[in-house]
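Comments concern the structure below.
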2 protein chains.
Amino acid sequence: MPNIKDVAKAAGVSIATVSYVLNNKSAFYSEKTRQLVLEAVERVGYTPNVTARNLKANQTRLIGYACHHLPPGQFNSVLDQFVYFLTQEAEAAGYHILMFTFPLDNPPSAYDDLIRTGQVDAFVVASTNLNDSRIRFLLDQQFPFVSFGRANSEWDFPYVDTDGERGICEAVKYLYSLGHERIAMIGWPEESISGSFRVAGYLRAHHELGLPLRSEYLLRAEHSEQAGRAALAEWLSLPRSKWPTAVVAIDDLVAIGVMNEASERGLPVGEGFAVVGYDDMPLGQYLRPSLTTMRQPIAAICRNLILMLEDILNQRPLENPCRLLPPELVVRASSGGPL
Amino acid sequence: MPNIKDVAKAAGVSIATVSYVLNNKSAFYSEKTRQLVLEAVERVGYTPNVTARNLKANQTRLIGYACHHLPPGQFNSVLDQFVYFLTQEAEAAGYHILMFTFPLDNPPSAYDDLIRTGQVDAFVVASTNLNDSRIRFLLDQQFPFVSFGRANSEWDFPYVDTDGERGICEAVKYLYSLGHERIAMIGWPEESISGSFRVAGYLRAHHELGLPLRSEYLLRAEHSEQAGRAALAEWLSLPRSKWPTAVVAIDDLVAIGVMNEASERGLPVGEGFAVVGYDDMPLGQYLRPSLTTMRQPIAAICRNLILMLEDILNQRPLENPCRLLPPELVVRASSGGPL
DNA sequence: CTGTTAGCGCATTCAT
DNA sequence: ATGAATGCGCTAACAG
């Protein structure tokens with residue numbers, strides 16, 4: 001690879017002049033020198049070496065993003081979209097994404113490594129939770145990062161998140177508009193932060209609709225198909241008159257469990273028994289019945305994450321460090337028509 | 001961040017000595033100096049700066065991997081697994097993955113950029129095809145890379161691939177062992193390289209089993225649910241006695257299309273009508289009926305990719321530059337029991 | 001306007 | 001065994 005010296009030689013100027021031209025420091029060269037340099041750049045096929053530039057500038061133009069392994073049977077339904085859009089937005093801002101993994105027993109260690117060795121300028125943290133050790137660590141270190149997802153409310157850090165409360169609230173109201181009054185929900189365990197927002201939406205919808213809340217209609221379970229099945233089984237053990245006519249699942253995988261259990265027990269999903277999921281995983285439209293769900297605006301989330309990171313890295317004040325984006329109701333067959 | 005000078009000062013030695021100790025050049029320091037240095041490293045909290053080290057060594061310890069966007073409705077069913085395992089294996093070898101995107105109208109340009117700016121040491125190319133412009137470009141440039149997937153047989157480059165021919169052959173033989181004799185297949189368009197290997201497996205199985213080949217049983221379509229539906233519809237327009245009793249789909253999404261169309265037409269998938277997919281996407285086990293499929297050994301693929309890359313980057317001769325890994329038949333409900 | 005030069009942090013050669 | 005000095009490729013301060 002040719003370097004700046006080769007260009008200088010080819011153009012018959014000094015390396016400083018080449019550097020000035022390439023970095024548009026227009027005060028330091030004449031137009032004819034510029035032509036000379038650009039032509040030489042073209043001739044020798046020169047592109048500045050990023051490593052050298054980074055060493056000088058004390059940066060990397062790399063953003064770290066950790067991908068985690070999920071136990072078999074689970075999966076992140078929107079990970080591929082997220083990674084793609086994040087990469088694309090990062091590139092638009094002149095960055096690339098550096099992928100890394102972290103040990104489950106000590107997540108911050110991987111972040112620490114990358115910081116200490118100077119391999120990234122910032123992080124995008126995702127799949128956050130209450131007392132998230134990574135966020136606590138990054139706050140401690142005062143290292144630039146943005147988060148997809150919230151954590152402890154008293155912690156002050158920039159994040160983008162889907163407004164799960166609003167989303168589930170909208171889902172419940174939609175079901176109500178179809179005529180459902182016995183609407184059940186499967187949440188995640190209480191420790192889950194995004195889970196608790198979504199459950200709050202369930203509660204708020206009932207409050208605003210004046211629907212009575214029945215504690216037996218709100219169950220908590222883990223992110224799994226089995227959890228959806230078990231929850232429905234529990235509801236179907238109630239007297240028939242108390243069976244919910246609609247279920248809001250906290251994510252699509254749980255919704256699938258509900259649909260599977262319902263089908264096996266002869267409950268007609270989409271015809272009198274409604275199921276709504278959350279995430280809009282790619283396969284949802286091809287399920288039978290196709291899955292009504294709340295779509296996470298992944299592209300917008302990634303755009304916001306990177307825009308915020310740009311502001312942070314350029315020391316610009318953040319306009320709005322806490323951004324909630326509304327999910328979008330995608331109506332398909334599993335929610336059925338009016339009762 | 002402290003640098004090597006800080007350590008040298010703290011240890012009362014020169015920076016050269018610190019460097020020697022940290023790089024285990026044991027010929028150049030005494031044991032007691034070593035202790036001195038290590039203790040100073042600990043005290044000031046020093047970690048070598050990777051950018052500086054890279055500039056000196058003319059490397060980046062970064063492997064480029066391009067993720068591509070798929071049109072809505074399509075998706076790469078094993079991308080998240082692939083990215084995770086690739087990242088993990090790369091880390092085990094002392095590398096990280098740099099994600100980037102490329103424009104569909106000029107894929108090599110993104111690879112060229114990263115090469116010219118010196119941002120990566122090598123690439124992992126995936127989703128290859130015949131006349132793949134990226135592979136041709138990297139071969140031209142003689143830039144280190146490995147591929148997940150094959151391309152033109154006359155091109156000489158290192159790759160790992162799933163043995164699609166073997167996989168589909170095994171699937172067909174399994175169906176035959178259940179008593180099926182009218183086994184149909186949906187392939188990808190002829191231009192698809194991995195598609196043609198899989199179709200070859202279909203043909204080989206028929207040959208080895210002595211089953212007659214009927215041209216109407218082999219259809220070609222794109223990677224979509226709709227394609228699976230359309231293929232089944234075409235077969236069901238044959239006289240009933242010629243309906244296939246089993247379908248091998250070239251990928252899970254197509255298999256889902258077949259299952260959906262079959263269910264809607266009252267054909268009992270898993271009970272007399274068998275469907276087998278390919279890929280083992282995470283959701284397959286939760287479909288109704290659960291999807292029998294050929295599982296791609298993603299973890300092993302990633303391990304092989306990185307092992308080969310290590311050999312290449314260290315100028316070691318490649319033991320076996322063309323590695324075919326067998327997929328694994330995962331029997332679930334959609335293939336049913338013996339006829 | 002242009003060229004010379006000093007570092008960025010590190011590895012390594014060459015003296016001692 | 002140790003340290004001084006050089007250079008990786010680049011940017012930018014400074015001198016001319």
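Every chain is numbered from 1 and lettered A, B, ... according to where its sequence line falls, protein lines coming before strand lines.
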Which residues in residues 31-41 of chain B have a heavy atom closer than 4.0 Å to any atom of DNA chain C?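 Result for residues 31-41 of chain B: none.
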From the set dC10(C), dT2(C), dG9(D), return the single nucleotide nearest to any side-chain atom of Tyr46(B). dC10(C)
When the ring centroid of Phe100(B) is compared with that of Phe123(B), is the distance short of 6.0 Å? yes
For Phe148(A) together with Tyr65(A), are the ring centres under 6.0 Å from each other? no
For a quick test of reading the model, state the closest non-hydrogen atom pair linking [X] to [Y] and the distance between them.
| X | Y | answer |
| --- | --- | --- |
| Ile97(B) | Ala90(B) | CD1-CB, 3.8 Å |
| Gly94(B) | Arg61(B) | O-NE, 3.2 Å |
| Asn131(A) | Asn152(A) | N-OD1, 2.6 Å |
| Ala110(A) | Pro103(A) | CB-CD, 4.3 Å |

Would you say [N] has OP1 or OP2 under 4.0 Å from some side-chain N or O of [X]?
| X | N | value |
| --- | --- | --- |
| Ser14(B) | dA4(D) | no |
| Arg53(A) | dG9(D) | no |
| Thr51(A) | dG9(D) | no |
| Asn49(B) | dG9(C) | no |
| Asn58(A) | dC8(C) | no |

Between the protein and nucleotides 14-16 of chain D, list every N/O to N/O distance that falls short of 3.5 Å.
none

Using a 4.0 Å heavy-atom cut-off across all strands, classify Asn54(A) as base, sugar-phosphate, or nothing. nothing
With heavy atoms under 4.0 Å as the rule, sort Ser19(B) into base, sugar-phosphate or nothing.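 Here Ser19(B) touches the bases of the nucleic acid.
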Please report the distance, rounded to the nearest Å, between CD1 in Ile4(B) and C1' in dT2(D).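 After rounding, the gap between these two atoms is 14 Å.
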For the backbone of Lys5(B) and the side chain of Asn3(B), can you confirm whether one donor and one acceptor N or O come within less than 3.5 Å of each other? yes
Could you give all pairs that pass the side-chain hydrogen bond (donor to acceptor under 3.5 Å, both in side chains) test and reach residues 102-114 of chain B, with sequence neighbours left out? Tyr111(B)-Arg134(B)
